[in-house]
K.L.:
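Below is a structure I'd like to ask you about.
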Amino acid sequence: MMRPETLSLGLEEPARAAGTTRLGPAAVVLTAFAQSFATELLTGICGICRRSPLRHMLTPGGWKMSVAMTNCGEAGWVADRTGYRYDRIDPETATAWPAMPASLRAFATAAAAEAGFAGFIPDACLINQYHPGARLSLHQDRNEEDLTAPIVSVSLGLPAVFLWGGHKRADRSVRVPLMHGDVVVWGGVDRLRFHGVHSLGDGTHPQTGAVRYNLTFRKAR
Ligand code: MD6
Ligand code: FE
């Protein structure tokens with residue numbers, strides 16, 4: 001039986017073995033869980049970026065973020081001089097964010113279930129684009145109204161070092177390598193853990209070029 005991957009144009013890397021690594025009581029890495037769905041996810045990103053382009057948002061402190069971002073879903077995460085929030089409207093286009101493709105929503109529900117969070121239905125998906133040198137400093141995801149829902153985070157393209165910290169910014173963090181197709185799910189007692197992404201290294205990936213994408217599916221409202 002031919003693996004689905006070998007039916008493609010040969011752009012994908014060889015399949016990696018699936019597996020689950022625990023990061024905390026309610027946080028796991030699902031290795032390669034998105035690998036066979038990566039082309040679908042990247043096609044979805046393309047369609048979303050055509051309508052709501054990737055952009056470098058300004059932090060409340062006035063710094064331009066090195067990671068470019070956009071969103072799909074009923075609400076999108078935005079940063080500007082007034083703070084961080086979810087908004088139904090994309091401030092760049094002054095219209096609603098593109099709808100979340102049903103196949104992407106279903107994928108996030110399946111990943112959450114695999115990690116032990118049954119019934120997760122995201123209403124927002126933040127799309128992050130990293131070029132070499134882009135980084136995300138330690139932060140908590142706390143702008144969502146419903147902190148009982150988990151977050152499903154998908155890595156595509158170039159590998160990155162994910163920094164997984166504790167409940168206080170000063171707690172030491174562990175370095176977690178995340179590769180194309182890896183999915184991190186966390187919620188429950190780990191929902192407010194500090195985390196970030198180390199400065200992205202150089203490289204090229206057969207499906208994305210010199211770029212890493214990260215999608216985080218959330219229940220924002
Ligand atoms: C990234 N991810 O991996 C950034 N936040 O590019 C996040 O900031 C993140 O992966 C909440 C939950 C999962 C995440
Ligand atoms: Fe985050």
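Indexing begins at 1, ligand by ligand and atom by atom, following the structure's order. FYI, the numbering just counts along the sequence from 1. Note that the structure is a prediction, hence the values are computed from the model and not measured.
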K.L.:
With rounding to the nearest 0.5 Å, note down the distance linking CG in Leu147 to CD in Gln140.
P.N.:
10.0 Å
K.L.:
Just jot down the ligand 1 atoms closer than 4.0 angstrom to any heavy atom of Val197, in number order.
P.N.:
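Listed by number with element, the hits are 1 (C), 3 (O), 4 (C), 6 (O).
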K.L.:
Quick check, are the ring centers of Phe217 and Trp77 under 6.0 angstrom apart?
P.N.:
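Judged by ring-centre distance (under 6.0 Å), Phe217 and Trp77 do not meet the cut-off.
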K.L.:
Can you measure from CG (Asn128) to CG (Leu215) and round to the nearest 0.5 angstrom?
P.N.:
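Asn128 atom CG to Leu215 atom CG measures 8.0 Å (nearest 0.5 Å).
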K.L.:
What atoms in ligand 1 come closer than 4.0 Å to a heavy atom of His139?
P.N.:
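Those of ligand 1 that fall under 4.0 Å from His139 are 8 (O).
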K.L.:
Is there a side-chain contact between Pro53 and Thr70 in this structure, where contact means two heavy atoms from C-beta onward sitting under 4.5 Å apart?
P.N.:
no
K.L.:
With heavy atoms of Tyr130 as the reference, note each atom of ligand 1 found under 4.0 Å away.
P.N.:
1 (C), 4 (C), 6 (O)
K.L.:
Is it the side chain (CB and beyond), the backbone, both or neither of Leu136 that lies under 4.0 Å from ligand 1, heavy atoms counted?
P.N.:
side chain
K.L.:
Can you tell me the protein heavy atom closest to atom 10 (O) of ligand 1 and the distance?
P.N.:
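Atom 10 (O) of ligand 1 sits closest to the protein heavy atom Ser153 OG, 2.6 Å.
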K.L.:
Starting from atom 11 (C) of ligand 1, which protein heavy atom do you reach first, and at what distance in Å?
P.N.:
Asp141 OD2, 2.9 Å
K.L.:
For Phe194, does the six-membered ring have the charged nitrogen or CZ of Arg169 within the cation-pi criterion, i.e. under 6.0 angstrom from the centroid and within 45° of the normal?
P.N.:
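Geometry flag: not set, cation outside 6.0 Å or 45°.
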K.L.:
By number and element, which atoms of ligand 1 are closer than 4.0 Å to a non-hydrogen atom of Arg212?
P.N.:
1 (C), 3 (O), 6 (O)
K.L.:
Closer than 4.0 angstrom, basic N to acidic O: yes or no for Asp90 and Arg51?
P.N.:
no
K.L.:
Look up atom CG in Leu192 and atom NZ in Lys168, then write down how far apart they are to the nearest 0.5 Å.
P.N.:
13.5 Å
K.L.:
May I ask you to test the Leu58-Met65 pair for a side-chain heavy-atom distance under 4.5 Å?
P.N.:
no
K.L.:
Determine, step by step, whether Arg218 and Glu144 satisfy the salt bridge (charged side-chain N to carboxylate O under 4.0 Å, His left out) criterion, reporting the C-alpha distance in whole Å, the side-chain angles of both residues, the deciding distance to 0.1 Å, and the verdict.
P.N.:
CA-CA 8 Å; Arg218 300 124 187 275; Glu144 299 76 23; 2.8 Å; yes
K.L.:
Among Phe162, Trp186, Trp164, which one has a heavy atom closest to atom 13 (C) of ligand 1?
P.N.:
Trp186
K.L.:
Tell me which protein heavy atom sits closest to atom 2 (N) of ligand 1, plus the residue, atom name and distance to 0.1 Å.
P.N.:
Asn214 OD1, 3.6 Å
K.L.:
What's the verdict on salt bridge (charged side-chain N to carboxylate O under 4.0 Å, His left out) for Arg85 and Asp80, showing C-alpha distance, side-chain angles and the deciding distance?
P.N.:
CA-CA 9 Å; Arg85 66 179 183 280; Asp80 63 18; 3.1 Å; yes
K.L.:
Hey, could you give me each pair passing ring pair (Phe, Tyr, Trp, His ring centres under 6.0 Å) that has a residue in residues 133-160? Not counting sequence neighbours.
P.N.:
His139-His195
K.L.:
Considering the heavy atoms of Ile151, write down every atom of ligand 1 situated less than 4.0 Å from one of them.
P.N.:
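In order of numbering, the contacting atoms are 11 (C), 12 (C), 13 (C).
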K.L.:
Does Thr216 have a heavy atom less than 4.0 Å from any atom of ligand 1?
P.N.:
yes
K.L.:
State, to 0.1 Å, how close Lys219 and Ala149 come at their nearest heavy-atom pair, and which atoms those are.
P.N.:
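Reported closest heavy-atom pair: CB-CB, 3.7 Å.
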K.L.:
Starting from atom 9 (C) of ligand 1, locate the nearest protein heavy atom and write down its residue, its atom name and how far away it is, to 0.1 Å.
P.N.:
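Here the nearest protein heavy atom works out to His195 NE2, 3.4 Å.
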K.L.:
How many protein N, O or S atoms are found at a distance of less than 2.8 Å from the Fe ion (ligand 2)?
P.N.:
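Count of protein N, O, S atoms less than 2.8 Å from the Fe ion (ligand 2): 3.
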